[in-house]
Chemist: 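What follows is a single structure, and I will ask about it in a moment.
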Amino acid sequence: MLRPNIAQELRAIVGDNWVMDTPEDCFAYSYDATPLYQSLPDGVIIPGTVEEVAAIVKVCARENIKIVSRGSGSNLSAGTVPIEGGLVVVLTRLNQILEIDQDNLTTTFQPGVITANLHREVEQLGLFYPPDPGSMNISTLGGNIAECAGGLRGLKYGVTKDYIMGLQAVLPNGEVLRTGGKSAKDVAGYDLTKLLVGSEGTLAIITEATAKLIPLPETKRTMLAMFQDLTGSAKAVSRIIAERMIPATMEFLDNATIRVVEDFARIGLPTDMGAILMIEQDGPEAVVERDIRKIAEICRKEGAVEVRVADSLEEGAKLMQARRFALSALARVRPTTILEDATVPRARLAEMVEQINAIAKKYDIQICTFGHAGDGNLHPTCMTDERDKEEIHRVEQAFEEIFLAAIKLGGTITGEHGVGMAKMNYLSLKVGDTGIEVMKALKHAIDPQNIMNPGKLFARDTRRRVVVSGGGHLNHHGHGNGCECNEHTAS
Ligand SMILES: Cc1cc2nc3c(=O)[nH]c(=O)nc-3n(C[C@H](O)[C@H](O)[C@H](O)COP(=O)(O)OP(=O)(O)OC[C@H]3O[C@@H](n4cnc5c(N)ncnc54)[C@H](O)[C@@H]3O)c2cc1C
């Protein structure tokens, strides 16, 4: 709970209704979409203006109260779990699209806008904001920016950082910073916009953003290519790119995922196939037709047993929906679903999936893999049960091996979900000790009191992996009854 005088001061800033600190309220903000992590905050606040955000941060800085920024809580790296308690600052009331500038092709919005709502608004004007995380119907743009979210269209159009041109953000001392703007060219000093994109709430609270828009593609076409084996599908991905075609989307489902998705969505996916590629191309009609024809040919040459091209936009949307259903479908299988996002250069895709399957077998756990084949961003997803501590231990060991395998194949520990708490013990594998030191120095320069989202990104002890189990009775600030601090070596 917040100290009564602090709660009173915060209520004076935002109004009585927007500060919550009962145990029930705190419980509701103690977790996010990441399984196994949970910790109670001291209170929750929902500001309605940037001035209110700045005033809240000033109180927290003065009182040394930790701050956890939060959008929809859909992240998959435990980024909004208040592991050191403090105040959860929910940005969902800042939910206005402030401008769509059709002359400069930019849009300016507040962080609480739901991603798909921005898509709808700009598309009505024939414009396009491509980043489309699978969670776009629930995620906020602030959360997308803080995680540098990717999505299904990442291969052709890039990810969130490729579109954000400027930001307004409240710094840990309560000062308001403006970075970048609408100018397409701007090299005035360090690129603070890029620094804040992907900073996972650890440097500042984003209160406004300006993003680049592009013209909406004239049309799009969707196709499925079904392969008896994984290698054929991976070869097709490399061949398509080698033929100088960049599809808007190139998604991959392995056999285990196909079976679970078909059981859930009943859309006629062939459950006996080793892998399916879902490919979408967009652009001018003639180019789309040509590319889809050529891509279908390549898939057949690489062993596709069937290629199905959607006849209409509606049918195409239904097929792509199958991919968006993947996580929900897998989540039905067992009580706990752990989704990771190990990423490799696309040419190593087949090898990576084979290694994931071998690792799952070694640890006797169930892993389905799907993901963004075009950019090598895989989502090995484990269906497990967090109540079974022995199995969870094997799952942890398996994922550790999967991250190491991704690094060895020239990839990374996370392609789009961020580090948060879930992968903080692996960050040094990717960026090295020098990288960690530079990041820590930046963090210290901007947030010397360490009040912004503490306990994230950086391992407290690089040889120690901490797994905080949810459920049961939580101790304040984290480790509940089920808390396990497992000793694993990270290399
Ligand atoms: C079904 C499903 C599918 C998903 N698919 C994808 C996908 O395809 N691609 C992808 O990249 N991710 C995906 N995700 C993960 C998640 O949706 C993204 O990380 C998303 O960007 C989080 O947005 P959010 O509003 O829920 O942010 P939250 O989860 O609330 O917060 C995420 C992080 O951002 C920080 N934060 C939030 N708002 C602000 C702010 N205004 N200022 C500063 N920091 C802030 C938080 O502190 C936290 O560290 C998926 C998740 C689910 C559940």
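In listed order, ligands and their atoms are each counted from 1.
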Chemist: So if I count the atoms of ligand 1 from 1 in the order they appear, which ones are less than 4.0 Å from some heavy atom of Gly134?
Modeler: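 In order of number, 3 (C), 5 (N), 6 (C), 7 (C), 8 (O).
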Chemist: Within a distance under 4.0 Å of any heavy atom of Gly71, pick out the atoms of ligand 1 and give their elements.
Modeler: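 Those qualifying, in numeric order: 25 (O), 28 (P), 30 (O), 37 (C), 38 (N).
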Chemist: Would Leu327 count as a contact residue for ligand 1, given that I'm defining contact as a non-hydrogen atom of the residue lying under 4.0 Å from a ligand atom?
Modeler: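 It does; at least one heavy atom falls under 4.0 Å.
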Chemist: To the nearest 0.5 Å, what is the distance between CG (Leu167) and CG (Leu196)?
Modeler: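 Spacing of CG (Leu167) from CG (Leu196) equals 5.5 Å.
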Chemist: By number and element, which atoms of ligand 1 are closer than 4.0 Å to a non-hydrogen atom of Ser139?
Modeler: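 Counting atoms of ligand 1 from 1, those under 4.0 Å from Ser139 are 20 (C), 23 (O), 25 (O).
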Chemist: Look at Lys161 together with Asp191 and state whether they make a salt bridge at an N to O cut-off of under 4.0 Å.
Modeler: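 Salt bridge between Lys161 and Asp191, a charged N being under 4.0 Å from a carboxylate O: no.
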Chemist: Which bit of Asn453 gets closer than 4.0 Å to ligand 1, counting heavy atoms only: side chain, backbone, both or neither?
Modeler: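 Asn453 to ligand 1: side-chain contact only, backbone stays beyond 4.0 Å.
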Chemist: For ligand 1, which atoms sit closer than 4.0 Å to a heavy atom of Ile205?
Modeler: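 Under 4.0 Å from Ile205, ligand 1 has these atoms: 42 (N), 43 (C).
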Chemist: Looking at Arg334 and Glu391, is there a salt bridge between them, counting it only when a charged N and a carboxylate O are closer than 4.0 Å?
Modeler: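 A salt bridge links Glu391 with Arg334.
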Chemist: Check each atom of ligand 1 against the heavy atoms of Ala149 and keep those under 4.0 Å away; list them by number with element.
Modeler: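 Counting from 1, the qualifying ligand atoms are 11 (O), 21 (O).
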Chemist: Can Arg93 be said to sit on top of Trp18's aromatic six-ring, NZ or CZ under 6.0 Å from centre and within 45° of the ring axis?
Modeler: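 That pair qualifies as a cation-pi contact.
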Chemist: If the contact criterion is a heavy-atom separation under 4.0 Å, does Leu91 count as touching ligand 1?
Modeler: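 Contact check Leu91 vs ligand 1: positive.
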Chemist: Compare all side-chain heavy atoms of Ile114 with those of Leu141 and state whether any distance is below 4.5 angstrom.
Modeler: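 Of all side-chain heavy-atom pairs linking Leu141 with Ile114, none is under 4.5 Å.
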Chemist: Given Ser69, Ala33, Ser77, Gly143, which one has a non-hydrogen atom that is nearest to atom 23 (O) of ligand 1?
Modeler: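 It is Gly143 that holds the nearest heavy atom.
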Chemist: From atom 43 (C) of ligand 1, work out which of Gly418, Gly142, Ala204 has a heavy atom at the shortest distance.
Modeler: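 The option holding the nearest heavy atom is Ala204.
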Chemist: Side chain or backbone of Glu147 under 4.0 Å from ligand 1, or both, or neither, by non-hydrogen atoms?
Modeler: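 Glu147 to ligand 1: side-chain contact only, backbone stays beyond 4.0 Å.
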Chemist: Record the part of Lys456 in heavy-atom contact with ligand 1 below 4.0 Å; permitted values are side chain, backbone, both and neither.
Modeler: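 It is neither part, as no heavy atom is under 4.0 Å.
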Chemist: Treating Thr369 as the side-chain partner and Val353 as the backbone partner, does any N or O pair qualify as donor plus acceptor under 3.5 Å?
Modeler: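 Side chain of Thr369 to backbone of Val353: no pair is present.
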Chemist: Measure the spacing between CE of Met250 and CD of Gln281 and express it to the nearest 0.5 Å.
Modeler: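 Answer for the CE-CD pair, Met250 versus Gln281, is 9.5 Å.
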Chemist: Backbone, side chain, both or neither: what part of Pro111 comes under 4.0 angstrom of ligand 1, heavy atoms only?
Modeler: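 Looking at Pro111 and ligand 1, just side chain atoms fall under 4.0 Å.
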Chemist: Looking only at side chains, do Glu262 and Thr271 share a donor and an acceptor under 3.5 Å apart?
Modeler: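 No, no side-chain donor-acceptor contact under 3.5 Å.
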